[in-house]
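Starting from 1, each residue takes its place in the sequence as its number.
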Amino acid sequence: MTTVTHVLLVSFKPSASQSTIDSIWETCLSPDTGKPYVLSTRGGINNNPEHSNKNMTHGFIIESRNQLDRQYFLDVDPAHKAFVEHIDPNNNDFLTLDFTDGVYGA
């Protein structure tokens with residue numbers, strides 16, 4: 001199986017309360033999709049001792065079975081749409097990077 005990993009790094013606004021951040025992470029770490037296209041989710045607060053996080057405060061990783069499942073999750077899935085609506089007004093910046101395990105060239 002060739003999995004696709006979606007990485008999200010977020011910089012929350014100072015005005016985002018801890019309860020808001022907790023609610024956002026609960027929404028994205030426990031998507032109630034009822035579908036097998038999300039293999040795993042995990043995330044947490046930055047604790048990098050090198051201070052190279054470019055002001056990103058939290059990280060989140062979603063693993064999908066393949067590119068089609070990842071696209072469905074990003075473009076169609078109601079749980080992901082709810083997450084985006086919840087996080088958008090509370091973040092200063094974000095960065096996403098997706099990769100296919102074991103693919104290091106075009």
Side-chain angles (χ1 to χ4, degrees):
M1 176 179 0
T2 304
T3 60
V4 176
T5 302
H6 176 73
V7 179
L8 169 64
L9 304 175
V10 178
S11 170
F12 281 103
K13 291 179 180 178
S15 60
S17 69
Q18 187 60 53
S19 64
T20 296
I21 293 170
D22 291 346
S23 174
I24 289 168
W25 289 116
E26 179 63 29
T27 300
C28 70
L29 290 175
S30 303
D32 185 19
T33 63
K35 305 289 181 191
Y37 51 81
V38 174
L39 296 176
S40 68
T41 59
R42 59 191 184 277
I45 193 167
N46 175 53
N47 63 15
N48 183 324
E50 298 175 309
H51 306 290
S52 58
N53 59 307
K54 307 276 187 194
N55 296 319
M56 299 298 163
T57 59
H58 294 73
F60 176 63
I61 298 173
I62 298 175
E63 187 178 41
S64 297
R65 290 184 302 173
N66 54 47
Q67 290 183 11
L68 289 175
D69 285 354
R70 185 260 329 260
Q71 274 320 118
Y72 179 85
F73 178 74
L74 294 177
D75 296 339
V76 179
D77 180 66
H80 182 255
K81 289 184 180 287
F83 166 73
V84 170
E85 288 179 16
H86 199 52
I87 198 171
D88 274 353
N90 292 292
N91 77 78
N92 280 325
D93 200 5
F94 67 93
L95 171 68
T96 59
L97 182 132
D98 291 20
F99 62 89
T100 301
D101 290 344
V103 177
Y104 299 100

Next on the checklist: I need the Asn48 CG to Asn53 CG distance, nearest 0.5 Å.
Outcome noted: 6.5 Å
Which donor-acceptor pairs under 3.5 Å do the side chains of residues 55-62 make with protein atoms, sequence neighbours left out?
from  : atom 1 : to    : atom 2 : distance (Å)
Thr57 : OG1    : Val10 : O      : 3.1
Thr57 : OG1    : Phe12 : N      : 3.4

Checklist entry - Quick one: side-chain hydrogen bond (donor to acceptor under 3.5 Å, both in side chains) partners of Ser19, sequence neighbours excluded? => result Ser17
Item to check | Contacts of type side-chain hydrogen bond (donor to acceptor under 3.5 Å, both in side chains), residue Ser40, not counting sequence neighbours | outcome: Glu63
Checklist entry - What is the distance from atom OH of Tyr72 to atom CG of Asn66, rounded to the nearest 0.5 Å? => result 13.5 Å
Checklist entry - Quick one: do Phe99 and Leu95 end up in the same hydrophobic cluster if we chain Ile, Leu, Val, Met, Phe, Trp and Tyr together by side-chain heavy atoms under 4.5 Å apart? => result yes
Checklist entry - Once you round to the nearest 0.5 Å, how far does CD of Gln71 lie from OG of Ser64? => result 9.5 Å
Item to check | Gap between atom CZ of Arg65 and atom CG of Leu39 - 0.5 Å precision | outcome: 7.0 Å
Checklist entry - CG/Asp88 to CD1/Ile24 distance, rounded to the nearest 0.5 angstrom? => result 9.5 Å
Checklist entry - Roughly how far, to the nearest 0.5 Å, is the CG atom of Asp75 from the NZ atom of Lys81? => result 7.0 Å
Item to check | Considering all heavy atoms, the nearest Leu74-His80 contact | outcome: O-ND1, 3.2 Å
Checklist entry - Which pairs count as salt bridge (Lys or Arg N to Asp or Glu O under 4.0 Å) when at least one residue sits in residues 91-106, sequence neighbours excluded? => result Arg70-Asp98
Item to check | Qualifying residues under side-chain contact (heavy atoms from CB on, under 4.5 Å), relative to Thr100, sequence neighbours excluded | outcome: Thr2, Val4, Gln67, Val103
Checklist entry - According to the salt bridge (Lys or Arg N to Asp or Glu O under 4.0 Å) rule, which pairs have a member within residues 5-25, sequence neighbours left out? => result none
Next on the checklist: Assigning hydrophobic clusters by single linkage (Ile, Leu, Val, Met, Phe, Trp, Tyr; side-chain heavy-atom cutoff under 4.5 Å), is Ile21 placed with Ile45?
Outcome noted: no
